[in-house]
Amino acid sequence: MLTGRSADQREGQTPMEKKDLMKDMSDRFSEMSKSQKMIASYILDHYEEAVFMTAAKLGEALHISESTVVRFALMLGYDGYPEFQKALESWVKERLSGVQRMGVKYAGRSQLEVITSVMQSDKDKIQDTIDHLEPTAFETAVDIILRAKKVYISGIRSCEPLADFLCFYLNMMRGDVACIKTTSMSETFEQMLRIGEKDAFIGISFPRYSMRTLKAMEFANDRNAKVICLTDSIHSPMCMYSSCNLFAKSNMVSIVDSLVAPLSVINALVVAMCLKRPAEVKESLHTLEEVWNSYQVYLKDEINFIEEEPMLSYPLSKESVRKKGRKKK
């Protein structure tokens, strides 16, 4: 970490050490004051904008004093905010040069070699997740979700597909599931207005961590709801407001986040819930199957032809057939 190093020592840092600026903030997040957490969360969530902001502008954006921002830089071991800003600039340049790094890594490789390399990397992340996922935490998460009166789910940016996937299957199995859909912090709270101690909240966030998800988890925790987080490590700020932590490996692969391991954990959650409540799941799926059959949902998607007539000309349901018959009479 940067704390305790002199300026000369920091000047001698390697590019790899400089790139750990965000990790250093995440590691020390639990030690920070409320204002410092606001600064760290903002930088983690908006580093493209923050890198161009002076201490005064950053303070203005967060409604805190310039001196608080300066003390934040000093707390991390920098001589002042300008030095911290230079370190942030170096980190951003390293992050945004992912396309170039990808070109170097895969230059001259065949398409098959690229596929093999990427998939092997995903395979390694799944194995790492298997090795470090805590079975007790997993079991607790399953019980919380099944017992909750209502389940709220939040995933922002690249984590949004994970939230949607989990929401889809939970709705099929148990109902009363709300996926938070908004780009506004105030609307997030509005959608969670009635969350209480009988409910559960699932926050999904990986670096760079989402300030909106973090605040939603804090709100859920303040309302005494059971809070579950799916994130990358114990150092994640998401763990601050969670009573149950599920960790999945999700490092950068070239210019995109690998979501394979987190998605695998979600798959495991869904399967475990099905095994714990087989009768309820069977009943829900049976009802859904009847709806599909009644309204020919999947038959229509395939646009097959039966007796020279396209399926699209068929009525939507048995009720439609009866109504059509009455009109002919």
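Values reported hereafter were calculated over all heavy atoms of this structure, with side chains retained and with hydrogens, waters and symmetry mates removed.
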Would you say the side chain of [Y] lies within less than 4.5 Å of the side chain of [X], judging by non-hydrogen atoms?
X: Y209; Y: D232; answer: yes
X: M32; Y: F72; answer: yes
X: K215; Y: T188; answer: no

Salt-bridge contact [X]-[Y] (side-chain N to carboxylate O under 4.0 Å):
X: E89; Y: K86; value: no
X: D143; Y: K276; value: yes
X: E160; Y: K181; value: yes

Test salt bridge (Lys or Arg N to Asp or Glu O under 4.0 Å) applied to K198 - qualifying residues, sequence neighbours left out: none
For the residue pair M238 and L214, what are the closest heavy atoms and their distance?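 Scanning both residues, the minimum pair turns out to be CE-CB, 3.7 Å.
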About how many Å separate CE of M192 and NZ of K150, when rounded to the nearest 0.5 Å?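 So the NZ of K150 and the CE of M192 are separated by 11.0 Å.
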Output for pair (C229 SG, I202 CD1), nearest 0.5 Å, gives 11.0 Å
Below 30° counts as parallel, above 60° as perpendicular, anything between as tilted: where do the rings of F84 and Y78 land? perpendicular
Under 4.5 Å between side-chain heavy atoms, counting indirect links through other Ile/Leu/Val/Met/Phe/Trp/Tyr residues: same cluster for F247 and I266 or not?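 No: no chain of side-chain contacts under 4.5 Å links F247 to I266.
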Taking everything shown except I234 itself, do over 12 heavy atoms lie less than 6.0 Å from its CD1? no
Can any side-chain N or O of S210 pair as donor or acceptor with the backbone N or O of I156 at less than 3.5 Å? no
